[in-house]
Amino acid sequence: MSKLILIDGNSIIYRAFFAMPPLTNTKGLHTNAVYGFTNMLLRLIEDHKPTHMMVAFDAGKITFRHEGYQEYKGGREKTPPELSEQFPLLKELLQGFGISQFELSGYEADDIIGTVSRIAEGAGHEILVVTGDKDMLQLASNHVQVGLTRKGVTEIETYAPEQIQERYGLEPLQIIDLKGLMGDASDNIPGIPGVGEKTALKLLHQFGSVEEVLANTSELKGKMKEKIETHADDAVLSKKLATIFREVPLDKSFDEMAFDGLKEDTAGPALAKLEFKSLLERLSFKADGTASDDPKQEKAPAKEIKVEVMDADHIGELIEALGTIEALHVETNGENPHHADVIGVVFSSSEQHYYVPYELLKAEEAEPLRKWLADQDIPKRGYDLHRTDLALHWKGIAFAGASFDVQLAAYLLDPTDSNQSVHALAGKYGLQSLTADEDVFGKGAKYKVPEDEVLSKHLAAKSAAILNLIPLQERELEGNEMASLFHDLEMPLSRILADMEKQGISANKDDLTELGKEFEAQINELVKEIYEIAGTEFNLNSPKQLGEILFVNLGLPVIKKTKTGYSTDAEVLEKLAPYHDIVRLILQYRTIAKLQSTYVEGLLKEISPKTGKVHTFYRQTIAATGRLSSQYPNLQNIPIRLEEGRKIRKVFVPSEPDWYILAADYSQIELRVLAHISDDTGLKEAFLHDMDIHTKTAMDVFGVTAEEVDSNMRRSAKAVNFGIVYGISDYGLSQNLNITRKEAARFIDQYFDAFSGVRRYMDDIVKDAKRDGYVTTLLERRRYLPEINASNFNLRSFAERTAMNTPIQGTAADIIKLAMVHMDATLAEQKLKSRMLLQVHDELVFEVPEDELELMKKLVPETMEKALALSVPLKAEVSYGMNWYEAK
DNA sequence: GGATTCACG
DNA sequence: ACGTACGTGAATCCC
C-alpha cells in the first residue's frame with residue numbers, strides 16, 4: 001500500500017532551529033536546524049516506511065492572504081540570519097536524500113500540502129502530514145493523519161479525526177472556527193480579544209461554527225457578548241485567513257514524489273558535507289559519506305522483543321539466568337517514591353526479558369531474586385534507580401549495587417531537557433519507538449494497570465530501550481569528559497541520598513501542633529483587625545480581592561501591576577505601609593499565614609505515622625545548575641531569616657535520646673569559587689586572609705579603608721556581590737538597591753575596575769558560551785545555552801547571565817556533592833553512628849550521638865573544606881544543639 | 001492549569 | 001531602546 005508523507009518545511013525548520021542548541025560546521029555555517037530536521041526525517045522514514053514523500057516550502061513574502069488583509073503575519077520577528085542560511089543547506093540535503101520538494105510563489109506550504117493531500121486522498125492513498133502548526137489539523141480525515149511535533153522535533157503526535165474529537169471535541173474542519181475565534185498572535189490573526197482556547201471551545205461546543213456563534217449572540221451575555229459583537233468582522237476575517245486553500249494550481253504528479261529509501265550514493269555525501277558525523281555513523285556511512293562495508297546494527301531490522309511472564313512454577317528459569325541479566329526495570333506508580341506502588345520488575349538480557357509481577361517478587365519462590373537485588377556486589381543498570389531503591393525499600397525489599405542510571409546520565413548530558421522519560425530518550429537516540437506510558441496506563445484518575453500480557457510487553461520494550469541506551473550514553477559521557485562526574489560522583493551520591501531519605505529526620509508532632517495553635521490565634525486576631533479597618537470581610541488570600549480593597553476602596557496608590565491586575569506582593573506592601581495602618585497588618589498576616597499553611601499544616605501531613613519522621617525526596621535530575629532539589633516535603637526552604645519562622649526549626653530533633661543535631665555550612669562558597677575560576681588577584685587575596693568579603697568589596701569599590709566602610713556601603717557591596725554571582729545587570733542591581741539604573745551601572749563599573757579578573761572572567765565565559773553553545777563547571781558538568789546567540793535581546797541577555805552564574809552555582813553544587821560522598825565514606829570507614837540527614841545547598845545536617853560530638857565537630861567541616869582543592873581555601877562553620885534551631 | 005505569592009540557598 | 005537579577009517547591013486562588 002502507498003503511504004505519502006507531506007512535510008511543512010518552514011514550520012519544521014523553525015521548530016528545529018529553536019529546539020536545537022547552536023551548532024556550526026567547520027566553515028562557520030549554522031547547521032542546528034538542518035540537523036534537527038534530518039533527525040526527524042530519519043525517524044519518520046523508519047517509523048512509517050513511506051513510499052512517497054514531499055517537503056513543501058513557503059515561497060515569497062506576499063501570499064494571496066495579504067490581498068484581503070495587509071497585516072497578515074505582520075509584526076513577526078524577521079527570520080534570524082542564523083536560520084536563513086540553513087534553508088539552502090536543507091534543500092540540498094533533501095535532494096541528496098532523494099526527497100521531492102515543492103514551493104509556489106504566492107502560496108504557503110500548508111496550501112500546497114492541503115492541495116496534494118486532497119488529490120492524493122481522492123486517489124486512495126494514505127497520507128501523513130507533518131507540521132508544528134495546529135491549524136493543519138483541519139486537513140485530518142479517514143485517510144489523512146496530521147502529525148504535530150511535540151517538544152523538540154523528533155517526537156510527533158499523530159491526529160486522526162478521532163484524536164481531534166478526543167482532545168478538542170471538534171470535527172477537523174471546526175479547527176478553522178477555533179482559530180477564527182481565538183486568533184493567532186504569531187500570524188497576526190486577530191480573532192476576538194479575550195477569547196482563548198477555553199472560551200472558543202465552549203462557544204463551538206454550543207454553537208458549532210463562527211457563523212452560528214455570531215448569529216446567536218443574543219444567547220450570550222455580559223462582556224463576552226459585547227466583545228463578540230464588536231469583533232464579529234475580525235472573527236470572520238480570521239476564519240478566512242486560517243482556512244487552508246486546497247485548490248493550488250499544481251503540476252506535480254504523484255510519481256514525482258516517490259521515495260524508495262535513502263539514496264546511498266547521494267545521501268552519504270550530503271550528510272558528510274554538513275559534517276553530521278553521528279548521523280553518518282548511525283546510517284553506517286564512512287566519514288567521507290561513502291557506504292560502509294561493515295553495516296552497523298542500527299541498520300538491521302528491529303529486533304523482536306521476547307518477554308516471558310514469570311509465575312511461581314517457572315521462576316527457576318529466571319533464577320538460573322540471573323548471571324546473564326544486564327539491566328532491569330522496576331515499574332512504580334506514584335509521584336512520591338516513599339509511597340509508591342511497585343507494579344513489577346523486568347529483568348533483561350539482550351536476548352530475553354523476564355517479567356516478574358510484584359506479587360511474585362514478594363513470594364517465597366522469589367527469595368533468590370530478592371537476594372540478587374540486595375547484593376551490592378552485583379552491578380545494576382536501569383532507569384531512575386534512586387526511586388526504585390526507595391519504592392522497594394518501603395515494601396521490605398532491599399536494593400543495592402546501582403551502577404548505571406540512565407535517567408541520571410540523561411540529566412548530565414542535558415540537564416535542561418525536561419522530558420527525561422524512557423520514551424523521550426528512545427526517541428532522542430533514534431531507538432525503536434515506544435508506546436507512551438500514558439497510552440498504556442492512562443493518566444490521573446484513569447490510571448489502570450493493564451493485564452500482564454500487555455503490561456509485560458510494554459515494560460520489556462522499556463527495559464530493552466534502557467539497555468540499548470546505556471552504551472550510547474556511556475560513549476557520549478566519555479566524549480564530554482563527564483564519565484568521572486557520572487561514575488565517581490553522581491552515581492555514588494544517588495545511593496547516599498536514598499539512605500538519607502530512608503533515614504529521615506524526626507519531627508516533633510506535638511510541638512508543631514502547639515506552634516500551629518499560636519499561629520492560629522495570631523491569624524484570627526489579625527484577620528479581625530483587618531476586616532474591621534477595611535469595613536468589610538473578604539478573602540485575604542485572594543490577591544484580586546485584596547487589590548480591590550487597597551486600591552479601589554482605600555484609594556492607595558498603585559505601585560506595580562501584574563498581568564492580571566494589581567500587584568500586592570511584599571515589595572509593594574512595604575511601599576504602601578506609610579499610607580495606611582492596614583498594610584502592616586496585611587504583611588503580618590501574610591507572614592503568619594504562610595508559616596501556618598506551608599510549614600505547620602504542610603509538615604504535619606508529611607510526618608510519617610510509622611517513623612515519626614519526615615522523609616524528603618531529593619531530586620538529583622531537576623536543577624539546571626547541578627543542585628539538588630527537595631520534595632514531599634521540601635526541606636531546603638525551612639524558614640530561618642525571620643524569628644517567627646525560624647521557630648519551625650525547633651521541631652526537627654534527633655531520632656535517638658541524648659543525640660544532637662549538628663549542622664555545618666560553607667561560608668561564601670560561591671564567591672570563593674568565583675575567586676578560583678576568575679583567578680582575580682584581589683578576590684583571592686581577600687579569601688587567603690579570610691577577610692569579611694562584603695567589607696573588602698566596599699573598600700575596593702568605594703576606595704576607602706576598612707574603618708571608613710559604614711553599614712550602608714557594606715550593604716551596597718553585598719548586593720553587588722550577589723549581583724556578580726547571578727550574572728550582573730545594572731537593572732537588576734538598581735531594583736535590589738532601590739537606586740537608579742545609572743547609579744547601579746556606576747557601582748558595577750567601579751567593581752570591575754577593582755576586580756578586573758572578574759570582569760575578564762565574565763567576558764570570557766560569555767564568549768566561550770557563544771562559541772561552544774554551553775558552559776561547564778569545574779567538574780565538567782555541562783549546561784547548554786541555546787539562546788546565547790538569539791537575536792531577541794531578552795532571551796540573549798538571560799542566557800548571558802546564565803552563562804556567568806551556572807559555572808559558579810554549579811561548581812558550588814559539585815563541591816558539596818563531593819563533600820557528601822567523602823563524608824559518607826568516612827562515616828562508614830570509621831564505623832561512626834552519626835548520620836547525615838539533610839543537604840541544603842551549602843549546608844549539611846547530621847544527627848550525632850554524644851560520644852561522637854567532639855569528633856564530628858572537627859570531622860565535618862574538615863571534610864567539607866577538603867572536598868576540592870581550589871586556589872583559595874574553602875571554609876565551613878559548624879554548630880550543634882538539641883534541635884535544628886539551636887544548631888545555628 | 002496558570003498566575004501570584006513567598007519560603008530557602 | 002530593550003527590561004530580568006540565579007536556582008528551586010508549595011499553597012492558594014480562580015478560570
Side-chain angles (χ1 to χ4, degrees), chain A residues 194 196-199 202 335 415-416 444 538-547 560-573 586-587 589-603 605-606 616-619 622-642 644-646 648-649 665-666 668-670 719-737 741 744 748 783 791-810 812-813 816 838-843:
Chain A
E197 185 174 304
K198 291 268 156 62
T199 319
K202 221 166 75 191
E335 286 284 296
T416 51
F538 61 101
N539 186 348
L540 250 173
N541 291 325
S542 161
K544 195 174 158 192
Q545 294 184 34
L546 177 61
K560 193 165 72 175
K561 289 201 139 196
T562 65
K563 264 188 223 170
T564 54
Y566 311 113
S567 171
T568 66
D569 66 20
E571 196 191 318
V572 168
L573 294 184
I586 293 167
L587 279 164
Y589 169 83
R590 282 254 175 97
T591 306
I592 311 292
K594 173 84 178 179
L595 295 174
Q596 182 75 315
S597 68
T598 304
Y599 297 102
V600 175
E601 290 165 3
L603 226 39
K605 278 185 228 155
E606 295 289 350
T616 190
F617 173 46
Y618 287 107
R619 301 203 60 182
I622 294 294
T625 53
R627 277 188 174 183
L628 299 176
S629 82
S630 154
Q631 273 182 321
Y632 321 126
N634 182 355
L635 292 183
Q636 291 183 318
N637 71 347
I638 302 301
I640 189 164
R641 290 171 193 168
L642 301 175
E644 299 114 294
R646 195 169 190 156
I648 299 279
R649 294 184 172 229
D665 67 304
Y666 280 113
Q668 302 296 351
I669 187 167
E670 293 190 332
V720 172
N721 279 329
F722 268 93
I724 291 292
V725 169
Y726 290 158
I728 195 115
S729 78
D730 49 14
Y731 182 80
L733 183 64
S734 74
Q735 290 294 299
N736 191 285
L737 279 177
R741 226 185 63 209
I748 294 170
R783 178 175 182 177
S791 39
N792 178 312
F793 174 88
N794 276 330
L795 293 180
R796 191 178 63 245
S797 303
F798 196 177
E800 287 171 358
R801 289 196 301 278
T802 310
M804 301 185 235
N805 169 265
T806 294
I808 302 173
Q809 194 183 118
I816 194 164
L838 303 177
Q839 189 252 45
V840 193
H841 309 307
D842 66 354
E843 174 186 14

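As a basis for the values below, the full set of heavy atoms in this structure was taken, side chains included, without hydrogen atoms, waters or symmetry mates. Numbered from 1 within each chain, the chains take letters A, B, ... in sequence-line order.
Here A/Q545 lies in heavy-atom contact (under 4.0 Å) with sugar-phosphate atoms only. Here A/G723 lies in heavy-atom contact (under 4.0 Å) with a base. Note on A/N539: only backbone sugar-phosphate atoms sit closer than 4.0 angstrom, heavy atoms only; bases stay farther off. Using a 4.0 Å heavy-atom criterion, one finds that A/T806 contacts no nucleic acid atom at all. Residue-level contact check: A/R783 touches the backbone only, with heavy atoms under 4.0 Å from sugar-phosphate atoms and none from bases. Contact annotation for A/A744: no contact, since no heavy-atom pair falls under 4.0 Å across all strands. Residue A/N541 is in sugar-phosphate contact alone, with no base atom involved, counting any heavy-atom pair closer than 4.0 Å across all strands shown. A/A624 comes within 4.0 angstrom of the backbone, heavy atoms only, and of no base. A/F793 comes within contact range of at least one nucleobase, with a heavy-atom separation under 4.0 Å. Here A/V725 lies out of heavy-atom contact (under 4.0 Å) with every strand. Nucleic acid contact for A/Y618: none, since no nucleic acid atom lies under 4.0 Å from a heavy atom of the residue. Across all strands, A/I622 comes closer than 4.0 Å only to sugar-phosphate atoms, never to a base (heavy-atom distances).
For the salt bridge (Lys or Arg N to Asp or Glu O under 4.0 Å) test, residues two or more places apart in sequence or in another chain that qualify with A/K560 are A/D569, A/E571. Residues passing the side chain to side chain donor-acceptor pair (under 3.5 Å) test with A/E606, sequence neighbours excluded: none. For A/Y666, there are no side chain to side chain donor-acceptor pair (under 3.5 Å) partners, not counting sequence neighbours. Listed by chain and residue number, A/H386 satisfy the ring pair (Phe, Tyr, Trp, His ring centres under 6.0 Å) test with A/F617 (two or more places apart in sequence, or in another chain). Under the side-chain contact (heavy atoms from CB on, under 4.5 Å) criterion, A/A813 pairs with A/R627, not counting sequence neighbours. The side chain to side chain donor-acceptor pair (under 3.5 Å) search around A/T616 returns A/S630, not counting sequence neighbours. Scanning for salt bridge (Lys or Arg N to Asp or Glu O under 4.0 Å) contacts around A/R646 gives an empty result, with sequence neighbours left out. Applying the side chain to side chain donor-acceptor pair (under 3.5 Å) criterion to A/S734, with sequence neighbours excluded, gives no partner residue.
Residues A/N794 and A/Q809 both approach DNA chain C. Their nearest nucleotides, taken by heavy-atom distance, put A/N794 toward the 5′ side.
Counting only heavy atoms from C-beta outward, the side chains of A/V720 and A/L733 approach each other to under 4.5 Å.
With a cutoff of under 4.0 Å to any heavy atom of chain A, the contacted region of DNA chain C is bounded 5' to 3' by C/dC2 to C/dC15.
Without hydrogens or angle criteria, A/Q631 side chain to A/P633 main chain gives no donor-acceptor distance under 3.5 Å.
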_nucleotides 2-7 of chain B: protein proximity per nucleotide (B base, S sugar-phosphate only, - neither; heavy atom, under 4.0 Å)_ = -SSSBB
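More than 12 heavy-atom neighbours from other residues, nucleotides or ligands sit within 6.0 angstrom of CD on A/E601.
Using P as the reference atom, C/dG3 and B/dC8 are 31 Å apart when rounded to the nearest Å. Comparing the P positions of B/dC6 and C/dC2 gives a spacing of 28 Å, expressed to the nearest Å.
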Please set out all donor-acceptor pairs under 3.5 angstrom arising from side-chain atoms of residues 589-596 of chain A, sequence neighbours excluded.
residue: A/Y589; atom: OH; partner: A/N541; partner atom: OD1; Å: 2.9
residue: A/R590; atom: NH1; partner: A/T568; partner atom: O; Å: 2.8
residue: A/R590; atom: NH2; partner: A/T568; partner atom: O; Å: 3.4
residue: A/R590; atom: NH2; partner: A/T568; partner atom: OG1; Å: 2.9
residue: A/T591; atom: OG1; partner: A/L587; partner atom: O; Å: 2.9
residue: A/Q596; atom: NE2; partner: A/G516; partner atom: O; Å: 3.1

_Just to be sure I follow the notation: if a pair is Watson-Crick (purine N1 to pyrimidine N3 plus N6-O4 or O6-N4) or a G-U wobble (N1-O2 and O6-N3), each under 3.5 Å, what dot-bracket string does DNA chain C give, with | for pairs to another strand?_
.....|||||||||.
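Distance CG (A/L635) to C1' (B/dG9): 14 Å, rounded to an integer number of Å.
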